[in-house]
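Along the sequence shown, the residues carry numbers beginning at 1. Being a predicted model, the structure only gives us computed values, none of them experimental.
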Amino acid sequence: MQGGREADSEVAAGSRPDLVIFDCDGVLVDSEAIVAGVLAGYLRQLDVEITDEECEREFAGLSQEKATERVLTLLGTSTPAGWFDSLTRSVDAALRARVRPVPGVLDVIRLLDVPFCVASNGRPEKVALTLRTSGLARYFEHRIFTAADVAHGKPAPDLFLLAAERCGADPRRCVVVEDSASGIAAAQAAGMRVLGFVPADQTLDGADALFTDMAELPDLLSLPRS
């Protein structure tokens, strides 16, 4: 399933990258619907008419700073005292109870014979929690990067460029696996090949290729099959 641009990357289709950079929410861990459900509930308590599904689309891929700005825009006013702290605690509790790996992603990780890391716009604490709870943390030890590590999160290229630098890889030899428009834009700006992970009925403009099932990813990364 092809996307819509020619990559600046040196990793052509059918060749193996030097580094694979995974987004976290929606790519490694099945967390986005959980977070959106909690956030939508909090917004509805403040008379914002929004469904869980609308909330998930609205906040997909946003950094904590951008998500906060969007909440305040939707409300048109400030939040009650302690509202964001309460929201954070509720989100983390829901994730701790319910988050799981994205189906099939563990099989991909176990096949990888090139370096890989995670680069997420999420809060460092939330990224650590979801990776730990899902059982994926041990695969990414010392290779977890978040928007807190850079001046500008996605859609700026800073986070992906930092990940490449810390992992000793040429950005042009990296492949990013993303599920959000901001992540696609960040990978494009970093000069990296980007694979978009989307539901079967959706698209994601700007990706070099799209896929709907993690079982497709090994072939897109030219990984050997065991």
A.B. asks: If you look at every heavy atom in Leu217 and Val108, which pair is closest and at what distance?
C.D. replies: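 Minimum heavy-atom contact is CD2-CG1, 3.8 Å.
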A.B. asks: Is there side-chain contact between Leu46 and Pro80, with heavy atoms separated by less than 4.5 Å?
C.D. replies: yes
A.B. asks: Any pair with a residue in residues 67-76 that passes salt bridge (charged side-chain N to carboxylate O under 4.0 Å, His left out), sequence neighbours left out, goes on the list, sorted by first then second residue, please.
C.D. replies: Glu58-Arg70, Lys66-Glu69
A.B. asks: Of all the heavy-atom pairs spanning Pro17 and Val175, show the shortest one and how long it is.
C.D. replies: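 Of all heavy-atom pairs spanning Pro17 and Val175, the closest is CB-CG2, 3.6 Å.
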A.B. asks: Honestly curious: do Leu161 and Leu159 fall in one hydrophobic cluster under the side-chain, below-4.5 Å linking rule?
C.D. replies: no
A.B. asks: Under the ring-ring contact (aromatic ring centres under 6.0 Å, His included) test, which residues partner Phe197, sequence neighbours left out?
C.D. replies: Phe211
A.B. asks: Could you give all pairs that pass the side chain to side chain donor-acceptor pair (under 3.5 Å) test and reach residues 154-169, with sequence neighbours left out?
C.D. replies: Asp23-Lys154, Lys154-Glu178
A.B. asks: Closest heavy-atom contact between Ala163 and Cys117?
C.D. replies: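 Closest pair (atom of Ala163, atom of Cys117, distance): CB-SG, 3.9 Å.
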A.B. asks: What's the separation between atom CD in Glu32 and atom OG in Ser180, rounded to the nearest 0.5 Å?
C.D. replies: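 Result: 7.5 Å between the selected atoms.
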A.B. asks: Restricting to pairs with a member in residues 98-143, which pass ring-ring contact (aromatic ring centres under 6.0 Å, His included), not counting sequence neighbours?
C.D. replies: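 Found Phe116-Phe140.
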A.B. asks: What pairs of residues pass the salt bridge (charged side-chain N to carboxylate O under 4.0 Å, His left out) test when at least one of them lies in residues 114-129, not counting sequence neighbours?
C.D. replies: Asp25-Lys126, Asp92-Arg123
A.B. asks: Is there side-chain contact between Thr146 and Asp149, with at least one heavy-atom pair below 4.5 Å?
C.D. replies: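 Sidechains of Asp149 and Thr146: in contact.
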A.B. asks: If hydrophobic clusters are built from ILVMFWY residues whose side chains come within less than 4.5 Å, do Val105 and Phe145 share one?
C.D. replies: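 No, it is not one cluster - the side chains of Val105 and Phe145 are not joined through contacts under 4.5 Å.
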A.B. asks: In the single-linkage hydrophobic clustering (I, L, V, M, F, W, Y; side-chain heavy atoms under 4.5 Å), do Val150 and Val176 co-cluster?
C.D. replies: no
A.B. asks: Enter the distance from Thr88:OG1 to Gln64:CD here, rounded to the nearest 0.5 Å.
C.D. replies: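 Output value for this atom pair is 5.5 Å.
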A.B. asks: Do the side chains of Leu39 and Val71 get nearer than 4.5 Å, heavy atoms only?
C.D. replies: yes
A.B. asks: Apply the side chain to side chain contact (heavy atoms under 4.5 Å, CB included) test between Leu28 and each candidate in Leu106, Val102, Val118; give the one that qualifies.
C.D. replies: Val118
A.B. asks: Where do Ser31 and Val99 come nearest, in terms of heavy atoms and distance?
C.D. replies: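 So the two residues come closest at CB-CG2, 3.9 Å.
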A.B. asks: Answer yes if Val35 and Leu43 sit in the same cluster of Ile, Leu, Val, Met, Phe, Trp and Tyr residues linked by side chain heavy atoms under 4.5 Å apart, and no otherwise.
C.D. replies: yes
A.B. asks: Testing the basics here: between Cys24 and Thr130, what is the closest heavy-atom pair and its distance to 0.1 Å?
C.D. replies: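 Smallest interatomic distance, heavy atoms only, reads SG-OG1, 3.8 Å.
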A.B. asks: With rounding to the nearest 0.5 Å, note down the distance linking CG in Leu95 to CZ in Arg132.
C.D. replies: 11.0 Å
A.B. asks: At what distance, to the nearest 0.5 angstrom, does CZ of Phe160 lie from CG of Leu19?
C.D. replies: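 Answer rounded to 0.5 Å: 10.5 Å.
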A.B. asks: What salt bridge (charged side-chain N to carboxylate O under 4.0 Å, His left out) pairs are there with at least one residue in residues 33-55, not counting sequence neighbours?
C.D. replies: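 Qualifying pairs: Arg44-Asp52.
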A.B. asks: Calculate, to the nearest 0.5 Å, the distance between atoms CG and OG belonging to Asp30 and Ser134 respectively.
C.D. replies: 10.5 Å
A.B. asks: For Val198 and Thr203, what are the C-alpha separation, side-chain angles and deciding distance, and is it a side-chain contact (heavy atoms from CB on, under 4.5 Å)?
C.D. replies: CA-CA 6 Å; Val198 293; Thr203 188; over 6 Å; no
A.B. asks: Closest approach of Ile184 and Asp205, non-hydrogen atoms and distance?
C.D. replies: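 For Ile184 and Asp205, the tightest heavy-atom pair comes out as CG2-O, 3.5 Å.
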A.B. asks: Is it true that Leu112 and Met214 fall in one hydrophobic cluster, defined by side-chain heavy atoms closer than 4.5 Å?
C.D. replies: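 Hydrophobic grouping puts Leu112 with Met214.
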A.B. asks: Quick one: pull up CZ in Phe59 and OG1 in Thr68 and give me the separation to the nearest 0.5 Å.
C.D. replies: 9.0 Å
A.B. asks: As a quick check of understanding, evaluate side-chain contact (heavy atoms from CB on, under 4.5 Å) for Asp18 and Val114, giving each step before the final call.
C.D. replies: CA-CA 6 Å; Asp18 293 344; Val114 298; over 6 Å; no
A.B. asks: Between Leu210 and Gln202, is any pair of side-chain heavy atoms under 4.5 Å apart?
C.D. replies: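 Heavy-atom side-chain distance check fails, nothing below 4.5 Å.
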A.B. asks: Look at the side chain of Tyr42 and the backbone N and O of Ser86, then say whether any donor-acceptor pair between them is shorter than 3.5 Å.
C.D. replies: yes
